[in-house]
Amino acid sequence: MASPVMNSSKLSIAMERTGQWVFSQEIPTDVVIEVGEANFSLHKFLLVAKSGYIRKMIVESKEPDLERIDLWDIPGGAEIFEKAAKFCYGVNFEITIHNVAALRCAAEYLQMTEKFCEGNLAARTEEFLSHVALTSFSGAVAVLKSCQDLLPLAEELKIVQRCVDVASSKACNEANFPTRSPPNWWTEELSILDITSFKKIISSLNSRGVKTLTLASVLITYTEKSLRDLVRDHTGNGTKLSDSGDTDLRKRQRNVLESIVALFPSDSEKAAFPINFLCCLLRSAIFLNAATSCKNELEKRISTILEHVAVDDLLVLSFTYDGERLYDLESVRRIISGFVAKEKNVSVFNGGDFKEVCSTAMQRVAKTVDAYLGEIATYGELSISKFNGIANLVPKVARKVDDDLYRAVDIYLKAHPGLDEIEREKVCSVMDALKLSYEARVHASQNKRLPVQIVLHALYYDQLKLRSGGEERNVEDAVATRKQLQADVSLMKENEALRSELMKMKMYVTDMQQKTQGTSTKAPPKKPKFFSSVSKTLGKLNPFRHGSKDTLNIDDGVDITKPRRRRFSIS
């Protein structure tokens with residue numbers, strides 16, 4: 001219960017002051033009171049007159065003449081005991097809002113009550129609490145802060161609860177009827193409390209029906225003060241992800257953060273907490289390795305108002321404090337997924353089809369996500385699966401134009417020059433070349449980083465525009481055009497394969513002709529040459545085979561005895 005021991009300079013000053021008013025009594029001291037490292041030489045008869053505790057120790061002592069009494073656990077330590085001893089000697093001292101709680105607890109500990117002396121220290125401190133300290137908001141908060149080192153005795157004496165009641169009552173009045181400027185001045189004063197005392201204030205404000213926006217303002221101010229390095233300055237003072245040691249500081253910060261998130265009002269309005277504040281808080285939770293429930297709550301609140309998010313807010317979630325490395329981006333994925341799921345539920349509830357209907361909020365989020373991908377695409381540790389995973393979270397119908405997504409894809413391909421053709425095609429699979437603007441298609445047709453198939457898509461779309469007289473095609477025609485393009489690409493590949501086979505056959509025939517020039521003109525009857533079989537096949541395909549009288553070039557194996565069919569003759 002005792003506060004930390006005073007340093008040597010304070011102890012020496014305290015002993016010097018004590019000596020001045022003790023030795024002025026001109027009576028030798030007969031007892032030494034030990035409080036930590038401090039020793040007070042005092043007179044028994046003055047102490048027992050007002051302290052029931054010291055009287056009891058002297059009376060019940062087995063020693064005939066007790067000379068030393070150890071009060072190591074007295075509330076407030078040596079500094080407060082000095083004032084209690086002065087009170088016993090009748091020496092004046094000042095009671096303030098900062099020491100009144102400690103003096104009240106010390107009086108209770110020493111049993112300095114009305115039972116032993118009228119107007120004793122307990123009664124004097126109670127009078128000061130009621131008529132001075134707890135008559136204002138600032139006084140109640142100051143006394144409550146001083147109680148942090150006086151637990152649990154301060155709670156047993158109801159000092160803590162009285163401070164909480166007064167502070168919350170005054171705060172409600174200030175929130176509804178401000179008396180000072182700026183109106184939220186009182187929220188700043190609450191930031192001096194530790195998290196335990198602050199939680200008591202918030203609980204009391206809740207029970208008094210304070211508005212959600214007022215609670216949010218209090219929570220934001222307290223967070224920015226207590227976690228300044230992590231939330232407000234956005235720097236972390238150079239903190240790196242590698243600084244993962246669970247130090248006492250990080251444990252305290254984690255406890256504060258988790259407690260603050262737990263205090264968030266459940267019926268919070270959408271705009272109660274700014275999106276950038278929530279994002280900074282979530283990054284701090286990731287850095288401090290906070291509880292999963294804490295991070296999930298923050299992700300849920302961010303996804304609810306994701307349409308108001310800016311690219312910079314998502315980047316806050318993505319990078320370490322030094323800006324050198326990406327986090328695993330799972331929080332970003334869960335936030336976007338949560339928003340898409342919410343939009344889908346709203347669309348279904350309204351009787352619409354999510355595949356066809358897309359809200360304005362969803363379109364705004366799609367643009368933000370595409371711009372966000374362009375920002376993180378330059379980092380080498382970003383894998384294709386993570387890049388595509390985030391891009392595919394947004395429904396394709398939400399993107400009326402894929403220019404921003406194309407920009408992100410191009411940046412990714414430029415930052416990862418070692419990708420092969422298949423990997424580049426995987427990256428490009430997230431966008432639709434038929435939904436690019438004219439300028440983007442022109443750029444894509446000349447972009448050497450893109451796979452050939454994507455370039456063909458862009459060029460083919462422009463050809464379709466020229467054929468249709470230059471009119472802009474509707475987005476609804478993109479599906480039919482895509483199918484036709486896929487069929488044309490497949491046919492193009494087949495033509496290439498056939499052309500390759502014909503070239504091989506031509507080279508083979510030419511080679512055979514060169515070989516047969518130096519041999520006999522009579523071919524073996526049982527082994528017809530390959531050239532003969534080719535000629536025979538081509539002869540069967542001759543449209544004039546039955547109608548022409550010229551049979552010089554027809555192979556002997558062809559039957560020409562059948563009558564001509566007039567229907568196919570040419571006059």
Side-chain angles (χ1 to χ4, degrees), residues 1-25 27 29 31-58 68-134 139 142-151 153-154 156-157 159-160 163:
M1 293 171 57
S3 63
V5 180
M6 294 186 298
N7 58 40
S8 57
S9 60
K10 288 186 177 181
L11 284 174
S12 60
I13 295 175
M15 294 306 299
E16 182 180 351
R17 290 199 307 264
T18 304
Q20 292 175 359
W21 51 263
V22 169
F23 293 113
S24 64
Q25 304 294 322
I27 300 175
T29 60
V31 67
V32 176
I33 305 297
E34 297 179 1
V35 183
E37 295 182 0
N39 295 324
F40 297 87
S41 297
L42 303 172
H43 300 86
K44 291 180 184 179
F45 73 96
L46 291 175
L47 297 177
V48 299
K50 295 182 179 179
S51 174
Y53 180 77
I54 295 178
R55 177 184 299 183
K56 181 180 178 181
M57 291 191 70
I58 293 175
R68 303 187 75 88
I69 299 176
D70 190 359
L71 301 180
W72 62 271
D73 58 346
I74 184 173
E79 184 178 357
I80 295 300
F81 176 76
E82 179 191 3
K83 289 180 171 54
K86 281 184 177 181
F87 183 84
C88 294
Y89 278 78
V91 178
N92 291 329
F93 64 92
E94 184 180 10
I95 300 177
T96 67
I97 59 175
H98 302 290
N99 64 22
V100 64
L103 285 171
R104 176 65 185 90
C105 291
E108 190 69 19
Y109 176 90
L110 294 171
Q111 299 178 17
M112 298 177 68
T113 62
E114 298 298 294
K115 179 180 178 181
F116 302 98
C117 176
E118 185 178 354
N120 212 340
L121 183 60
R124 292 283 299 276
T125 51
E126 276 292 339
E127 183 180 3
F128 186 88
L129 279 171
S130 301
H131 295 91
V132 179
L134 298 184
V143 174
L144 183 58
K145 178 176 174 56
S146 68
C147 290
Q148 294 171 186
D149 299 324
L150 303 172
L151 302 176
L153 187 55
E156 295 173 3
L157 295 174
I159 302 176
V160 172
C163 292

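This structure is a prediction, so every number in the text was calculated from the model and none was measured. All heavy atoms count here, side chains included; hydrogens, waters and symmetry mates do not.
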Practice problem: Please answer whether the main-chain N or O of F93 pairs with a side-chain N or O of K86 as donor and acceptor at a distance below 3.5 Å. | Solution: no

Quiz item: Residues two or more places apart in sequence or in another chain: which of them pass ring-ring contact (aromatic ring centres under 6.0 Å, His included) with F81?
Solution: F40

Practice problem: Count the heavy atoms belonging to other residues, nucleotides or ligands that lie under 6.0 Å from CZ of R55, then report whether that count exceeds 12. | Solution: yes

Quiz prompt | Nearest heavy-atom neighbours spanning P75 and A106 | solution = O-CB, 3.9 Å

Quiz item: Between F87 and R124, which heavy-atom pair has the shortest distance, and what is it?
Solution: CE1-NH1, 3.6 Å

Quiz prompt | Atom pair CG (L151) and CD1 (I159), whose distance is rounded to the nearest 0.5 Å | solution = 10.0 Å

Exercise. Drop me the distance from L153's CG to E156's CD, to the nearest 0.5 angstrom.
Key: 5.5 Å

Exercise. Write down the atom of V32, the atom of S41, and the distance for their closest heavy-atom approach.
Key: CG2-OG, 4.0 Å

Self-check item: For the student: nearest non-hydrogen atoms of T125 and V100, plus distance
Solution: O-CG2, 3.7 Å

Can you give each donor-acceptor pair under 3.5 Å made by side-chain atoms of residues 110-117, sequence neighbours left out, with the distance rounded to 0.1 Å?
{"residue": "E114", "atom": "OE1", "partner": "G119", "partner atom": "N", "Å": "2.9"}
{"residue": "E114", "atom": "OE2", "partner": "G119", "partner atom": "N", "Å": "3.2"}
{"residue": "E114", "atom": "OE2", "partner": "N120", "partner atom": "N", "Å": "2.9"}

Exercise. Could you list the residues that satisfy side-chain hydrogen bond (donor to acceptor under 3.5 Å, both in side chains) with E126, not counting sequence neighbours?
Key: R104, R162

Quiz prompt | Heavy-atom closest contact (V143 atom, C163 atom, distance) | solution = CG1-SG, 3.4 Å

Exercise. Please work out which of the three classes, parallel, tilted or perpendicular, describes the rings of Y53 and Y109, given edges at 30° and 60°.
Key: tilted

Self-check item: Set of residues satisfying side-chain contact (heavy atoms from CB on, under 4.5 Å) with respect to E127, sequence neighbours excluded
Solution: H131

Self-check item: Partner residues of V31 under the side-chain contact (heavy atoms from CB on, under 4.5 Å) criterion, sequence neighbours left out
Solution: I33, L42, K44, L47, I69

Quiz item: In a check of side-chain contact (heavy atoms from CB on, under 4.5 Å) between L103 and each of L129, T96, I95, which one passes?
Solution: I95

Practice problem: Over all heavy atoms of both residues, which pair between K83 and E94 is shortest? Give the atoms and the distance, please. | Solution: CE-O, 4.3 Å

